[in-house]
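In the text below, chain A, chain B and the rest are named by the order of the sequence lines, each starting its count at 1. Here the structure is a predicted model, which means the values were calculated and not measured.
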Number of protein chains: 2
Amino acid sequence: MPEAPRRVTITDVARTAGVSLSTVSRVMNGNATVDPVLAERVRGVAAELGYSASPLARSLVLGRTSTVAVVIPDLANPTFQGILRGLSRAAAADGFHVLIADSAEQVDEERVLAVETRRRTDGVILCAPRMAQDELAVLLPSLSPVVVVNRAPQAGVPVVNADYRTALRGLAEHLYDLGHRRIVFLAGVARSASNAARLAAIADARAAHSDLTVIELPSGVDFNSGAAAADAVIKTGATAVLAFNDLVAMGLMSTLAGRGVRVPEHVSVAGFDDIPFAAYTSPPLTTAAVPAADLGAQAWAAMHALLTGQTPSPIVTTNPEVVVRGSTAAAAS
Amino acid sequence: MPEAPRRVTITDVARTAGVSLSTVSRVMNGNATVDPVLAERVRGVAAELGYSASPLARSLVLGRTSTVAVVIPDLANPTFQGILRGLSRAAAADGFHVLIADSAEQVDEERVLAVETRRRTDGVILCAPRMAQDELAVLLPSLSPVVVVNRAPQAGVPVVNADYRTALRGLAEHLYDLGHRRIVFLAGVARSASNAARLAAIADARAAHSDLTVIELPSGVDFNSGAAAADAVIKTGATAVLAFNDLVAMGLMSTLAGRGVRVPEHVSVAGFDDIPFAAYTSPPLTTAAVPAADLGAQAWAAMHALLTGQTPSPIVTTNPEVVVRGSTAAAAS
DNA sequence: CTGTTAGCGCCTTCAC
DNA sequence: GTGAAGGCGCTAACAG
């Protein structure tokens, strides 16, 4: 290992500038009134020595790290990637750093990660769609300040989410308007919050249209789940499919193509999320656009408010818009 | 703000256990030999009080944070997402945390971010494909320990990269074998390291086949760049295209479709990277598979070696494999 | 084996 | 306006 040249410390600056530590500290923080001449000299020495205060030491004494943690279930999921990106950039704009924790879909790991990363940061933004509500409720207080993403409102904790229920309802309506009366819903993970919202939307659609049949098929949240569901979908004889998300829709379309089933001629397919690639599938995917990066930015805004003693709105909900593309068309008569 | 219940400190544990700070410290770190009975008592009290040492204080005194920084140019780029994911999981497996810094393609920002995040971590993994080599050379020493991703070998700094040159050469060969003699290369960002490697591959191909014409067209690294290049591509009359990466290829194919140009019947298109969606375009994209997550894991391995006083190999190069899918076919005669 | 004493690098009352 | 001293929470010699 190359000899590490010991970091220049505040003591070095003080000594070579011929002043006390306190003075240097004051100058560096623009704090109290310091003699302008002296201040300038100190600044000069600091610059010359390439000094800047140790974030670690500052964090310890100030009790804040200028860092927040983001806990997400899967870095491979485009939606969480978007959230992370929006969050990261917004936080950076406010001079904050982001510690990232990927639970790799291990629900029980989420709790540990959240608690542990919280200790090295000033707060945590939690994306834990699969965690049970009661478990979440006991976890949150120990994480404060904390912001929750894509869950139902929580007592005393800001929530940033998208209205999956209304959006999926919109998608269902879109299919209904196209004449589809027999639709498959490819469900995601049973216990997840966003799946519950979607099921509510399905219920809404059924209630609104007595001539509409919606068949729920268990699936998942990724390509493979969609691909695996293809045969079951075909067997239902449905003319349209509401996939849990774009990934599932893409997997489904892929296998459908292999089976000689054409989209949208034989069956219409709608995704959800409008991930960056949804516009580039063939046919381009009809979906509901969840502004993931915006969600991330909003989550940061809430956290920033919490961190600066302000009161963020307890819940920020964005409304995903239905984006009609080529994968949905009028039902064959 | 709810009253924050002051964190329980080592002093609390020591007091209620009736021992000294050092003893508690020793027990918590499994350090020296402590009387088993005493140790058990301390552990009991610690558990009861929910104590765990402050990472901040430990970091300050130990001089290490168990955290590394990852600097990447764009969190929206699937390749960097893959690298980050692989890195993050590998680091987590070794008990390390990851601080993430997205320079949002601002090359001058990269230097600042790297230096700043380095100060709060034990080392940085740098993905800076666009940074000038001389600038990189002066930056790296101040970052040590540091690992560089996807750049040419650096003096004294471990590099983890993919062999773009050989892989692109393989793609070119694939097209040549299919009978293509007039090929367009859609170049990326001029000053980028990976673009230079690709140009070398193009030169190799030309040298190997005197009857091969490769036309370089300036493009970019994303969808839009590919889409924007479509007309220029058509104008060349080439029968095949080597896109800078999958994103460019997808953008190109999208616009080509709009122009009534069919892939691969009229023109073959090859991408690069094999991002998760490459297999799901229509037609599925022929490309070279860069194992991004593996690169990330390798980068972590190198960093981990550095951090534990070992000597990582100065350069780890992986060889992207050519993946032939539906977007390339025999040249029309 | 255990307690006491120094710091890690910095900020902040408190006196001058 | 400036310096001296205490402490953030913890670990690592150093004595006993």
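Residues B:N195 and B:R130 have side chains that never bring a donor and an acceptor to within less than 3.5 angstrom of each other. Side chain to side chain, A:D102 and B:S88 fail the donor-acceptor criterion of an N or O pair below 3.5 Å. A:R7 and A:S54 share no donor-acceptor pair across their side chains, judged by distance under 3.5 Å alone. Side-chain atoms of B:T65 and B:D122 form a donor-acceptor pair, as typed in the model, at a separation below 3.5 Å.
Across C:dT4, C:dC10, D:dT11, the shortest atom-to-atom separation from the side chain of B:S20 is found for C:dT4. Closest to the side chain of A:D35, from the set D:dT11, C:dT12, D:dG1, is D:dG1. In this structure, of D:dT2, D:dC10, C:dC10, it is D:dT2 that holds the atom nearest to the side chain of A:T23. Picking from C:dG9, C:dG7, D:dG3 the nucleotide with the shortest atom distance to the side chain of B:V61 gives C:dG7. Closest to the side chain of A:Y51, out of C:dG3, C:dC10, C:dC11, is C:dC10. Nearest nucleotide to the B:N29 side chain, out of D:dT2, C:dT2, D:dT11: D:dT11.
Between B:L49 atom CG and D:dG9 atom P there is a gap of 14 Å when expressed in whole angstrom units. Residue B:L21 contributes atom CG, which lies 9 Å from atom P of C:dT4 at whole-angstrom precision. If you take CZ of B:R120 and C1' of C:dC10, they are 14 Å apart, rounded to a whole angstrom. As a whole-Å value, the separation of A:R41 CZ from D:dG1 P is 16 Å. At whole-Å resolution of the value, CE in A:M28 and P in C:dC10 are 9 Å apart. Look at CZ on B:R26: it is 11 Å from P on D:dT11, rounded to the nearest Å. What separates CG of B:D12 from C1' of D:dG9 is a distance of 11 Å, to the nearest Å. If you take CD1 of B:I10 and P of C:dT4, they are 14 Å apart, rounded to a whole angstrom.
Residue-level contact check: A:L56 touches neither bases nor backbone, having no heavy atom under 4.0 Å from any strand. Base engagement by A:S25 is indicated by at least one non-hydrogen atom pair under 4.0 Å involving a base atom.
If B:L62 and B:G18 are placed on DNA chain C by their nearest nucleotide, the residue sitting closer to the 5' end is B:G18. Each of B:L60 and B:S22 was matched to the nucleotide of DNA chain D holding its nearest heavy atom; the match closer to the 5' end belongs to B:L60. Each of A:V34 and B:R58 lies near DNA chain D, and the nucleotide nearest A:V34 is the one positioned closer to the 5' end.
Using a cut-off of 4.0 Å between Lys/Arg side-chain N and Asp/Glu carboxylate O, B:D74 and A:R89 are scored as salt-bridged.
Contact between the side-chain N/O atoms of A:T33 and the OP1/OP2 oxygens of D:dG1 is found at a separation under 4.0 Å. Residue A:T11 places none of its side-chain N or O atoms closer than 4.0 Å to OP1 or OP2 of C:dG9. Within the structure, every side-chain polar atom (N or O) of B:S59 is placed at least 4.0 Å from both OP1 and OP2 of D:dC10.
With hydrogens and angles disregarded, a donor-acceptor distance shorter than 3.5 Å links the side chain of A:N150 to the backbone of A:A162.
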